[in-house]
Protein chains: 2
Amino acid sequence: MPQPAHRQRLLRAMTDAGYSSTRSRRAIVDAITSAPGGLTAAAILERAQNAHPSLGLVTVYRTLDILSGLGLVRRIHMEGGCHTYALAQCAHGHHIICERCHRAVEFEGCELHALENSVTLQTGFRITDHWLEMFGLCPSCQQEADEVPAQSDCLAAD
Amino acid sequence: MPQPAHRQRLLRAMTDAGYSSTRSRRAIVDAITSAPGGLTAAAILERAQNAHPSLGLVTVYRTLDILSGLGLVRRIHMEGGCHTYALAQCAHGHHIICERCHRAVEFEGCELHALENSVTLQTGFRITDHWLEMFGLCPSCQQEADEVPAQSDCLAAD
DNA sequence: GTGATTGCAAATCGTTTGCATTCAG
DNA sequence: CTGAATGCAAACGATTTGCAATCAC
């Protein structure tokens with residue numbers, strides 16, 4: 001399920017920022033906006049090559065740099081020093097990642113301010129930035145985990 | 001300033017877990033416990049080589065695996081996919097890292113539970129883990145930054 | 001047409017592995 | 001003495017860079 005609104009938004013933002021709209025970039029934006037969550041650079045390449053077979057990994061990285069520089073995509077740090085890239089949807093977002101299907105969902109992290117105050121008191125640091133990710137099981141995977149993996153997975157909640 | 005209490009604690013925990021106390025490991029533990037905060041593997045190597053010149057980077061990594069496996073050292077994920085390793089001091093700790101001197105100080109992150117509840121409500125995920133790091137200026141670096149280093153860039157707006 | 005963009009090959013960087021040597025108990 | 005631990009060299013995977021060919025405007 002592609003999300004035309006997001007696709008448009010990203011493409012628009014890129015051209016507004018002075019980047020030309022190329023076939024490679026369109027394919028990459030399509031791959032990202034049509035994914036349910038975070039993708040590695042390699043996964044983005046694979047998906048985007050459906051629309052543009054000669055696309056190279058290098059261009060994926062370069063486009064991701066642009067997109068995350070513009071705040072349109074967020075780089076999610078995974079165990080083992082590799083990354084996943086997910087659409088930035090809300091303002092002050094962080095991601096929660098499903099440990100089973102790797103879906104990444106954004107949530108508002110403003111509650112963090114209380115913690116920041118507490119940390120300032122505890123440590124005396126002047127806080128300038130933070131970095132938060134959560135891990136768990138998304139609703140569909142919880143069901144699958146509960147209703148013993150019979151085989152089907154008929155009722156994927158969204 | 002070495003911290004004999006911590007050094008003892010780590011060495012003891014390693015031997016208790018069945019790892020022998022070797023010269024390499026002692027040098028590495030010394031480097032970690034005498035540092036004011038997080039160090040990269042390369043930085044640990046450099047420091048430890050004072051006490052043990054023929055030490056190799058591989059052994060640093062292997063020892064860090066053991067130490068973080070035992071929960072004695074925490075691996076801190078930095079921008080650019082590399083890591084820093086810091087002494088784990090309190091139970092449920094996360095680190096706040098000084099952007100200037102890279103000192104890493106641990107704080108209690110229990111306040112996070114409120115946020116976890118909120119995220120559960122927002123997303124329906126069953127949360128199993130989280131990952132939080134903060135960045136800022138430590139007290140000493142704030143002073144140095146305020147008491148303007150005399151010469152340059154006097155009025156950097158933040 | 002012209003500068004931006006691309007993609008290949010090769011370089012880089014942090015980290016891990018294979019294996020023969022050395023060390024701790 | 002014997003298995004655990006070490007360190008070198010080489011492998012590895014993600015990401016970046018040099019450069020000539022290609023594309024968007």
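A note on names: the letters A, B, ... follow the listed sequences, proteins ahead of strands, and every chain is numbered from 1.
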Look at the side-chain N and O atoms of B:Thr59 and state whether any lies under 4.0 Å from the OP1 or OP2 oxygen of D:dG7. yes

Integer-rounded Å distance: C:dC23 C1' and B:Arg26 CZ: 11 Å

Students often get this wrong, so: under 4.0 angstrom with heavy atoms, is B:Leu57 touching a base, only sugar-phosphate, or nothing? base

Would you indicate, yes or no, if D:dT6 has its OP1 or OP2 atom less than 4.0 angstrom from a side-chain nitrogen or oxygen of B:Ser24? yes

Quick check for you: among D:dG7, C:dT15, C:dG25, whose closest atom lies nearest to any side-chain atom of B:Ser54? D:dG7

Once you round it to whole Å, what is the distance between C1' of C:dT16 and CZ of B:Arg75? 11 Å

Under 4.0 Å, counting only non-hydrogen atoms across every strand here, what does A:Thr40 touch: a base, just sugar-phosphate, or nothing? nothing

In whole angstrom, what separates B:Met14's CE from D:dT6's C1'? 13 Å

Carboxylate-amine/guanidinium contact B:Arg75 B:Asp65, below 4.0 Å: yes

Would you mind classifying the nucleic acid contact of A:Arg25 as base, sugar-phosphate or nothing, using non-hydrogen atoms under 4.0 angstrom? sugar-phosphate

State whether A:Ser20 places a side-chain N or O below 4.0 Å from either non-bridging phosphate oxygen (OP1 or OP2) of C:dA4. no

Output yes when at least one side-chain N/O atom of A:His83 is less than 4.0 Å from OP1 or OP2 of D:dA14, else no. no

